[in-house]
Every structure is written in structure tokens, then in C-alpha cells.
> 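Here it is, the structure, as C-alpha cells.
Just so you know, these numbers come straight off a predicted model, no measurement behind them.
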Amino acid sequence: MSTPLVGVDWLAGRIGEPGVVVFDASVGGHRGGTVRIPGARAFDLDGELSDHSAPVPHAMPGAAAFSEALRALGVDDTSTVVVYDAASIYSSARAWWMLRAMGFDRAAVLDGGLPAWTAAGLPVEPAPAAYDGPRGGFTARPRAGLLVDSVEVLAALADPAAAVFDARTRERFAGTAPEPRPGLRPGHMPGALSLPFTEVRTADGLMRPAAELRTAFDALAPAAEKLYFSCGSGVTACVLALAADLAGYPDLAVYDGSWSDWGRPSALPVSQGAQGAAGTSPSATRPASTA
């Protein structure tokens with residue numbers, strides 16, 4: 001794919017073409033919706049396309065498990081994949097980034113997702129229980145550095161050439177709103193930059209133009225050469241990764257465990273308070289022993 005983002009008109013002209021695979025990557029309350037874009041298959045991030053043996057939600061499966069899941073969904077190495085979700089651009093970006101991390105570049109996110117598709121008057125059909133078509137021959141080829149852990153993020157926070165962006169709400173970043181998952185400390189990583197994922201989308205749920213996205217990142221980290229992204233569980237961090245890719249940043253990484261990992265009781269530092277002018281928190285780093 002020449003672009004990681006395609007519009008509804010682009011997809012409407014290719015539905016049903018040989019080799020074109022459409023995925024519905026909706027999660028949470030949107031998972032298992034009653035209607036789909038014609039022929040779409042479920043990319044189940046709440047199911048087989050996460051590693052449920054991990055201590056955090058939505059963890060990336062290993063290469064063998066990912067390959068098997070994609071083969072079962074009929075994907076080949078030569079397929080053209082378009083991913084959407086029912087919340088405009090939310091979890092679809094996670095599926096796109098997972099495919100990229102596994103060496104597959106023939107994938108794009110549908111701009112605006114299912115809401116944009118239906119708003120354009122394009123057809124939907126009842127969603128089947130599961131895909132029952134032919135298997136594919138997909139082979140995962142993992143790329144190092146696209147999905148990272150807390151060790152790499154901790155190093156990035158101390159690296160003047162790197163920037164770590166947090167896609168959660170500003171209230172969760174500041175520690176003034178509760179985390180939706182129990183047992184997590186409130187706040188953010190010291191030195192992280194708050195950029196809620198909703199701010200890289202328009203009011204209609206489309207991605208903002210590339211120039212506006214570049215301005216948003218440059219305003220917070222004008223000298224950064226590598227960008228890292230975190231959120232609650234590694235899902236909306238990928239919306240920021242998509243935005244940065246569209247803005248022309250070449251060196252990107254997503255913290256797979258995100259706040260579900262960092263926020264657990266541990267020696268990892270946590271700060272509270274709103275972001276300062278240079279992206280710093282006005283509060284001191286809290287010891288890991290405080291809850």
C-alpha cells in the first residue's frame with residue numbers, strides 16, 4: 001500500500017476484488033456488531049488476536065500464533081488488507097500496526113471507519129458468526145523495534161532525541177480521572193507528552209490533514225527523531241502511530257503494554273499533574289510504593 005489510510009470511495013471501488021481482504025477490528029461494546037461492510041472478517045483484538053497469557057490486555061501474540069490466526073482468516077502474503085472499526089478510527093489502527101510489526105505492509109486503515117462508510121450511503125450486510133472461507137498462506141516476519149517494552153520506553157524518556165506520547169485523555173494523564181482497569185497507579189510517565197488520540201481526528205472521525213498532524217507533533221517535540229506511543233492498553237497508541245506516519249515521521253514505536261503495564265505497582269516512576277509548557281509535569285515523581 002502506498003498509504004496507510006484509504007477513504008470509503010477507494011474501498012467501495014475494490015470490494016469483492018480478488019486478494020482484497022476487509023477486516024472489522026472493533027473492540028469492547030462495538031465487538032461483534034450486527035452489520036459489517038460486505039465481506040468483512042473479524043480481526044478480533046479481544047479474542048484470538050491478543051495474547052491472553054500476558055499480564056496485560058491486547059498484548060501482541062507471537063509470530064507463530066499471529067500467522068495461524070491470519071491464515072485462518074484467509075490472508076495471504078500478497079493480500080491487500082483494509083481495516084476498519086465501528087468507532088471511526090480507534091482499534092483499526094492497532095490491527096494495522098500489528099500487521100506492520102509482523103512485516104506486512106499491504107495494509108491500510110479505512111478513514112472514518114464504519115460510520116464514514118454508512119454516512120456515505122454505502123451498503124452493509126448482516127455480520128456472520130465467523131469467517132468460514134478458504135485459508136491463506138500468511139507468514140509473519142517480525143520487525144524489531146516497532147513494539148517495545150518498559151525498558152525501552154524508560155530509556156527513551158531519558159533520550160533527548162526521542163519523545164514519548166501518551167494517547168489517553170488529559171485527565172487520566174494528569175491522574176485526576178480514575179483508570180478504567182483496577183490496580184493501576186494514576187498519572188503518567190515522567191517526561192511523557194500528552195496528545196489524546198481524539199485530537200488527531202476531526203469532529204467527523206476522520207484523520208486530520210498531514211500538515212496539521214505534523215504541527216501537532218512538532219509543537220510538543222520539535223527536535224525528536226524517534227517517537228514512541230503509549231495509551232491504556234496499546235490500542236489508541238496506534239492511532240497516534242498512524243497520525244505520525246501520515247505526518248512523515250519515519251522512526252516510530254508503540255509501547256505494547258502501555259499504561260496497563262507501566263501503571264502496575266512496580267519500581268517504574270509515575271508523575272501526576274497536567275503537562276507543562278515543555279511537556280513536563282509540575283508534580284514530583286512519586287515513589288513506586290504509593291498507590
> Applying salt bridge (charged side-chain N to carboxylate O under 4.0 Å, His left out), can you list everything that pairs with R264, at least two apart in sequence or on another chain?
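Result, salt bridge (charged side-chain N to carboxylate O under 4.0 Å, His left out) vs R264: D261.
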> Using the ring-ring contact (aromatic ring centres under 6.0 Å, His included) criterion, which residues pair with F197? Sequence neighbours excluded.
Y90
> Listed by chain and number, what are the ring-ring contact (aromatic ring centres under 6.0 Å, His included) partners of Y228, not counting sequence neighbours?
none
> Sort and list the pairs that fulfil salt bridge (Lys or Arg N to Asp or Glu O under 4.0 Å) and have at least one residue in residues 137-148, not counting sequence neighbours.
D77-R141, D105-R143
> How would you list all residue pairs meeting ring-ring contact (aromatic ring centres under 6.0 Å, His included) that involve residues 2-25, not counting sequence neighbours?
F23-F43
> Quick one: list whatever passes side chain to side chain donor-acceptor pair (under 3.5 Å) with T80, sequence neighbours left out.
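With neighbours one apart ignored, the set is R106.
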> Suppose the criterion is salt bridge (Lys or Arg N to Asp or Glu O under 4.0 Å): which pairs have a residue in residues 88-102, not counting sequence neighbours?
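Salt bridge (Lys or Arg N to Asp or Glu O under 4.0 Å) check on residues 88-102 returns R94-D256, R100-D245.
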> Can you confirm if the NZ or CZ of R168 lies within 45° of the ring axis of W259 and under 6.0 Å from the centre of its six-membered ring?
yes
> Listed by chain and number, what are the side chain to side chain donor-acceptor pair (under 3.5 Å) partners of E48, not counting sequence neighbours?
none
> Could you give all pairs that pass the side chain to side chain donor-acceptor pair (under 3.5 Å) test and reach residues 34-47, with sequence neighbours left out?
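Qualifying pairs, neighbours excluded: R31-D44, R36-E125, D46-H58.
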> Please collect all side chain to side chain donor-acceptor pair (under 3.5 Å) contacts where either partner lies in residues 146-155, sequence neighbours excluded, each pair once.
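Passing the test, one end in residues 146-155: no pairs.
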> State which residues pass salt bridge (charged side-chain N to carboxylate O under 4.0 Å, His left out) with R201; sequence neighbours excluded, sorted by chain then number.
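Scan of R201 (salt bridge (charged side-chain N to carboxylate O under 4.0 Å, His left out), adjacent residues dropped) gives none.
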> Can you sort out the partners of F104 under ring-ring contact (aromatic ring centres under 6.0 Å, His included), two or more places apart, ordered by chain and number?
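Counting only residues at least two positions away or on another chain, F104 forms a ring-ring contact (aromatic ring centres under 6.0 Å, His included) with F138.
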